[in-house]
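Side-chain atoms are counted along with the backbone in the values below, which use heavy atoms only and exclude waters and symmetry mates. Here the structure is a predicted model, which means the values were calculated and not measured.
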Amino acid sequence: MVLEKHADFFRDFRGDTVHPSTLEVLYELGLLEDFLKTPHQQISSVGIRIGDFAFQVADVGHLPTHCKFVALMPQWDFLNFLSDHARRFPSFQLRMEFEAVDLIRAGQTIAGVRAQTPEGPVEILADLVVACDGRHSTMRPAAGLQVREFGVPIDVLWFRISRQAGDPEQVLGNVNYGRVLILINRGDYFQAGFIIPKGSFEAVKQNGLKAFQDLIWRIAPYLGDRVNELREWDQIKLLTVQINRLGKWHLPGLLCIGDAAHAMSPAGGVGINLAIQDAVATANILAESLRNGPVTEALLARVQRRREFPTRVTQALQVNAHKALDQVFQTSGPLKAPWQLKVLAQVPGLQRVMGHVVGVGIRPEHIAGARKGAWDQPWSLKKAAVHAGALLGAAVATVRALRS
């Protein structure tokens, strides 16, 4: 039984990058062909422009996966796709407008949830509660689980700007004038992310909407007068960026996964994909035991052990990426890319390494018992360390170059 507190999945400004690792899971489930019939865009590389210097950051076109691209699909379409296919199973239940507000305890064990519905409060008993209710999880504090926060120097302003023929096809980051503008192709419009220093949104608003429009235009001049489509601040949504994780993801009868266990930064667009990897590992480890009733806490701990390593590595990479952004914020005028960065961009194979870390990730999961995919080579910790180390070294070198 899945509980969704809203009447539909139509929430704008959610992550919509479906990475090759997730597409491979869909292949293993036999859903990839239908998924690719759903309207989406595809990108095989990610570019960025720092000042007057444009270069490729990551290349996923050479990954050992069926799909050598990132699919861009609004998350509401993806969730509708998954729920439609899940209805093939007679035991599947999706309860809309069921907001889980508290946990039911039987001694030291979590025995279910209390939920608010349009018809009033209800209690739902379950052998296992899986809390996947995001970074603002209500289940997490209800369980008394402790969160460790990592300082993040950025927030993101999300908004839409129309897209025209001739605009960049790939996801493109634009870095200049002390700010970063991300433009995600959604067909006839861009989903734009404007990165600002943590807690500075009120100062941005005090400068006025015209100043905000002018700054966007200076960073991406090809947008032209489309910046005037932003007519009021209500069109611009603040995403307060967090990186955190639980010290313990579970109690008897309860398991937290996804952002409820480890909130991720938007950097790399990995959040939704890491959460799906958590879900695959959860199913692989727990499904057979759940057929016979409640699972032991030792099995829940095994899920955390399986997924905590890739979480820690990915969050470390994101923290270092934020340090580079913090250096960008120290400038206010036109930015000139340092020569060290230009040299770094020419390092052979670096784009492929970054494409592998972003597109496949650390310790990718496979559906137990599913048909074999195109990338069934074992993923060793050594290989993970090499790829992550190369990416971390690139991030550190970038920070040093920007400081100089």
Side-chain angles (χ1 to χ4, degrees), residues 2 11 13-19 21-22 25 75 78-79 100 103 110 128-156 198 239-251 253-286 297 299-323 325 357-365 379 381 384-385 387-388 391-392 395:
V2 178
R11 303 288 158 269
F13 313 118
R14 285 180 169 183
D16 56 4
T17 55
V18 184
H19 288 197
S21 58
T22 299
V25 168
Q75 195 171 120
F78 188 29
L79 292 174
L103 295 167
I110 304 302
L128 177 66
V129 175
V130 181
C132 39
D133 51 344
R135 65 187 59 226
H136 303 299
S137 170
T138 55
M139 298 295 95
R140 190 169 64 188
L145 297 173
Q146 299 301 308
V147 182
R148 180 186 177 188
E149 296 283 348
F150 300 88
V152 177
I154 66 168
D155 286 328
V156 181
K198 171 70 70 178
L239 171 62
T240 301
V241 178
Q242 295 174 294
I243 295 181
N244 61 44
R245 66 175 175 265
L246 292 173
K248 184 179 181 183
W249 299 14
H250 53 86
L251 292 176
L254 171 71
L255 175 67
C256 296
I257 63 173
D259 273 7
H262 47 75
M264 311 300 291
S265 158
V270 298
I272 178 178
N273 301 280
L274 203 67
I276 288 173
Q277 299 295 312
D278 286 357
V280 173
T282 299
N284 287 344
I285 294 171
L286 303 183
E297 193 175 9
L299 271 181
L300 302 180
R302 185 177 158 198
V303 175
Q304 179 175 349
R305 288 196 303 272
R306 173 75 187 175
R307 297 304 307 161
E308 191 165 25
F309 173 73
T311 297
R312 286 174 176 267
V313 172
T314 305
Q315 288 183 330
L317 294 173
Q318 290 186 330
V319 167
N320 278 276
H322 292 161
K323 291 179 180 178
L325 292 175
V357 172
V358 173
V360 171
I362 310 300
R363 189 180 279 165
E365 304 290 347
W379 178 258
L381 292 184
H387 281 74
L391 185 53
L392 186 58

Original post:
Do the side chains of L300 and L254 get nearer than 4.5 Å, heavy atoms only?
Top reply: no

**OP:** Could you tell me the separation between the CD1 atom of I272 and the CG atom of D259, rounded to the nearest 0.5 Å?
**Re:** 10.0 Å

**OP:** Would you kindly say whether S21 and N273 are connected by a side-chain donor-acceptor distance under 3.5 Å?
**Re:** no

Original post:
Does the side chain of S265 come within less than 4.5 Å of V152's, by heavy atoms?
Top reply: no

**OP:** Side-chain contact test, heavy atoms from C-beta onward, threshold under 4.5 Å: evaluate it for T240 versus K198 and give yes or no.
**Re:** yes

Subject >> Point-to-point distance, once rounded to the nearest 0.5 Å, from OG1 of T314 to CD1 of I362 >> reply: 6.0 Å

Subject >> Straight-line distance of I276 CD1 to T22 OG1, nearest 0.5 Å >> reply: 4.0 Å

Original post:
Is the backbone of D133 close enough, under 3.5 Å, to the side chain of S137 for a donor and an acceptor to pair up by distance?
Top reply: no

**OP:** List in chain and number order the residues that pass ring pair (Phe, Tyr, Trp, His ring centres under 6.0 Å) with H262, two or more places apart in sequence or in another chain; answer none if no residue qualifies.
**Re:** W249

Original post:
Considering residues at least two apart in sequence or located in another chain, which fulfil the side-chain hydrogen bond (donor to acceptor under 3.5 Å, both in side chains) criterion with R245?
Top reply: Q315

**OP:** Starting at CG of L128, measure out to CG of L255 and round the result to the nearest 0.5 Å.
**Re:** 6.5 Å

**OP:** Would you indicate whether the side-chain heavy atoms of M139 and L103 approach each other to under 4.5 Å?
**Re:** yes

**OP:** Can you establish whether the number of heavy atoms outside R302 located under 6.0 Å from its atom CZ is more than 12?
**Re:** no

**OP:** Taking the side chain as every heavy atom from C-beta outward, state whether L274 and R307 have any atom pair closer than 4.5 Å.
**Re:** yes

Subject >> Q304 side, atom CD; K248 side, atom NZ - distance, nearest 0.5 Å >> reply: 9.0 Å

Original post:
Is the shortest heavy-atom distance from the side chain of N284 to the side chain of R306 under 4.5 Å?
Top reply: no

**OP:** Identify the heavy atoms of A275 and G258 that sit nearest to each other, and give their distance.
**Re:** CB-CA, 3.8 Å

Subject >> Non-hydrogen atoms of T138 and A100 that approach each other most closely >> reply: OG1-O, 3.2 Å

Original post:
Which heavy atom of G269 sits nearest a heavy atom of T17, and at what distance?
Top reply: O-OG1, 2.9 Å

**OP:** Answer yes or no: does atom CD of Q146 have more than 12 heavy-atom neighbours from other residues, nucleotides or ligands under 6.0 Å?
**Re:** no

**OP:** Side-chain contact test, heavy atoms from C-beta onward, threshold under 4.5 Å: evaluate it for Q277 versus H19 and give yes or no.
**Re:** no

Original post:
Where is the tightest heavy-atom contact between A260 and C132, given as atom of each residue plus distance?
Top reply: CB-CA, 4.4 Å

Original post:
Side chain of R135, backbone of I243: donor and acceptor closer than 3.5 Å?
Top reply: no

Original post:
With distance as the sole test, does E365 use its side chain to make a donor-acceptor pair with the main-chain N or O of V280 at under 3.5 Å?
Top reply: no

Original post:
H250 versus V303: any side-chain heavy-atom pair under 4.5 Å?
Top reply: no

